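Everything on this sheet refers to the single structure shown next.
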Number of protein chains: 2
Amino acid sequence: MRILLLEDEPEMASALSAALEARDAVVDHVSMLADAEEAARSLPYDVILLDRQVPDGDGLSIVPRLRAAGVGTPVIVLTARGELEDRIGGLDTGADDYLVKPFAMEELLARLRAIMRRPGDVRSEVVSFGRLSYDFGCHDVLIDGERCELPRRELLVFEALARRIGRTVPRHALEEAVYGFADDIQSNTLDAHVSRLRRKLASLESGLEIHPVRGIGYLMRRTS
Amino acid sequence: MRILLLEDEPEMASALSAALEARDAVVDHVSMLADAEEAARSLPYDVILLDRQVPDGDGLSIVPRLRAAGVGTPVIVLTARGELEDRIGGLDTGADDYLVKPFAMEELLARLRAIMRRPGDVRSEVVSFGRLSYDFGCHDVLIDGERCELPRRELLVFEALARRIGRTVPRHALEEAVYGFADDIQSNTLDAHVSRLRRKLASLESGLEIHPVRGIGYLMRRTS
DNA sequence: GTCGCCGCAATGTTCCCGCAATCCGCCCAA
DNA sequence: TTGGGCGGATTGCGGGAACATTGCGGCGAC
């Protein structure tokens, strides 16, 4: 496991490094924000551990920049700033977990294991695909920053496809996302919504297109 | 967002439900272990919230059973048992996060958002053979990360062979995988699919090849 | 009332599938 | 050695299944 550690207190840093390396992790330790951001951008770490108080700013500040740059590496914040609003702010800035110092090393290791059990990278609350961006939080579709209204069903289809952009979304998963479990749907209503959504994405020149995957479902990807 | 809530204290349960539903979540509330396990097995929730102390046991105990059954839904534990070893044990049992009561509702919501930023709720099974990888969940074949389209029948053949890579798959097992049990197939249709698949694997330089095993079936292995 | 979304169904379109004809390579026996 | 038989390989084609598109009636929101 490759770990990037941003921590400016030498004692804390060496203690963490030692404990992690004892668990067969490879730790890259940096003390400055800028170094951390550059390392995270250029190397594929499995997880990033961030201290908030570092000499050149708030460690948390690199998270949105990394997410915007497409770096989805999980982030765990380690900090003495443990007030409720700090924790909430940290998580909503894009961190995956938030541990308040002092913490038990065993708990950090357990939380690392929990994060490593999950496959794939984290996705930011707001995703951008070329001219189009989507905010999963407030369900807003923006094209060139302009809000674009979508009917409810089409929005649900879009959201389900956007969550797994570039990968096939099985038909039953789409039906589940658009209707509930109980809701039984007949006919080709789902296809109709997909069709209308597809046309809108095209006419808005959103840079996204929806492809059918015969016998399986649908897939959305950037226009090639 | 669909949430399964296991909580036996009525006050806590209704407070949680109300707060979550105010955020547009759909909450299924159960008070017993057995109900929670059955619901989690049969319905695809986005996240499961578990209380540990419920009348018929420890809420955590269903997590390993769900994981073993292939249910990968994220789990957040909400409990009064907040000792260090409880937290570590909870995380290592398969929980994704662990919140100790009393907690601030806002923090739970933030941790929910953090978990929902992740791409899939279900751990999809992905296998890699050199340049090629296959995702059994969404049925995507990737070569060097690039999605490669396969017709449904060929995909089913590939899937059956990939499950037993390096070992012979008998003809009847392939037929069963590609068609149902009932479906009766005549002629050499299966061979035709194998042939087309083989050609594609070769022309894509996937690093995989399909060999016939005379009188038995077929076998897929890495190119030697 | 009116506007717009939804579910549904009819119709058009595309592409896959099953089939079969033919070819190839291996093995065996005369 | 050679011809025949057998199991598999390959490929073109017609039918049909899956998907696309669009119009309509209904109902709910405002």
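This structure is a prediction, so every number in the text was calculated from the model and none was measured. Reminder, nothing fancy here: chain letters follow the sequence lines and each chain counts from 1.
Side chains of Arg147(B) and Thr168(A): a donor on one and an acceptor on the other come within 3.5 Å. A donor-acceptor contact closer than 3.5 angstrom is absent between the side chains of Glu7(B) and His29(B).
By the salt bridge (Lys or Arg N to Asp or Glu O under 4.0 Å) test, Arg167(B) is found to be paired with no residue, residues two or more places apart in sequence or in another chain being considered. Every residue meeting the salt bridge (Lys or Arg N to Asp or Glu O under 4.0 Å) condition with Asp144(A), not counting sequence neighbours, appears here in chain and number order: Arg131(A). Take Phe158(B) and apply the ring-ring contact (aromatic ring centres under 6.0 Å, His included) test, not counting sequence neighbours, and it matches Tyr134(B). Listed by chain and number, the residues in a side chain to side chain donor-acceptor pair (under 3.5 Å) with Asn188(B) amount to none (sequence neighbours excluded).
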task = May I have the step-by-step check of salt bridge (Lys or Arg N to Asp or Glu O under 4.0 Å) for Asp191(B) and Arg171(B), ending in yes or no?
result = CA-CA 10 Å; Asp191(B) 305 62; Arg171(B) 240 189 143 67; 2.4 Å; yes
message = One pair to check against salt bridge (Lys or Arg N to Asp or Glu O under 4.0 Å): Asp58(B) and Arg81(B). What are the steps and the verdict?
response = CA-CA 11 Å; Asp58(B) 183 345; Arg81(B) 293 175 53 181; 3.8 Å; yes
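One can place CG of Asn188(A) at 14 Å from C1' of dA17(D), the figure rounded to the nearest angstrom. Between the P atom of dC16(C) and the CG atom of Leu190(B) lies a distance of 18 Å, rounded to the nearest Å. Whole-Å rounding puts the Glu175(A) CD to dC8(C) P distance at 12 Å. Distance, Tyr179(A) OH to dC8(C) C1': 11 Å, rounded to whole Å. Whole-Å rounding puts the Leu150(B) CG to dC15(C) P distance at 16 Å. The CG-C1' distance, from Leu156(B) to dC17(C), rounds to 12 Å in whole Å. The interatomic distance linking Glu154(A) (CD) with dC6(C) (C1') rounds to 10 Å, in whole Å. The separation between Asp191(A) atom CG and dA17(D) atom P is 16 Å, rounded to whole Å.
Contacts between residues 205-221 of chain B and DNA chain D, counted as heavy-atom distances below 4.0 Å, involve Pro212(B), Arg214(B), Gly215(B), Tyr218(B).
Residue Arg152(B) places none of its side-chain N or O atoms closer than 4.0 Å to OP1 or OP2 of dC15(C). Side-chain nitrogen and oxygen atoms of His193(A) include none within less than 4.0 Å of the OP1 or OP2 phosphate oxygen of dC5(C). Residue Thr189(B) has no polar side-chain atom (N or O) positioned under 4.0 Å from OP1 or OP2 of dG18(C).
Listed nucleotides: dC6(C), dT21(D), dC17(C). Nearest to the side chain of Pro151(B): dC17(C). Which of dG8(D), dC17(C), dC6(C) sits closest to the side chain of Arg171(B) comes down to dG8(D).
Leu91(A) is not listed as a side-chain neighbour of Asp96(A), based on a closest heavy-atom distance of 4.5 Å or more.
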task = Could you encode protein contacts along nucleotides 24-30 of chain D as a string, one character per nucleotide from 5' to 3', using B for base contact, S for sugar-phosphate-only contact and - for no contact, with a heavy-atom cut-off of under 4.0 Å?
result = -------
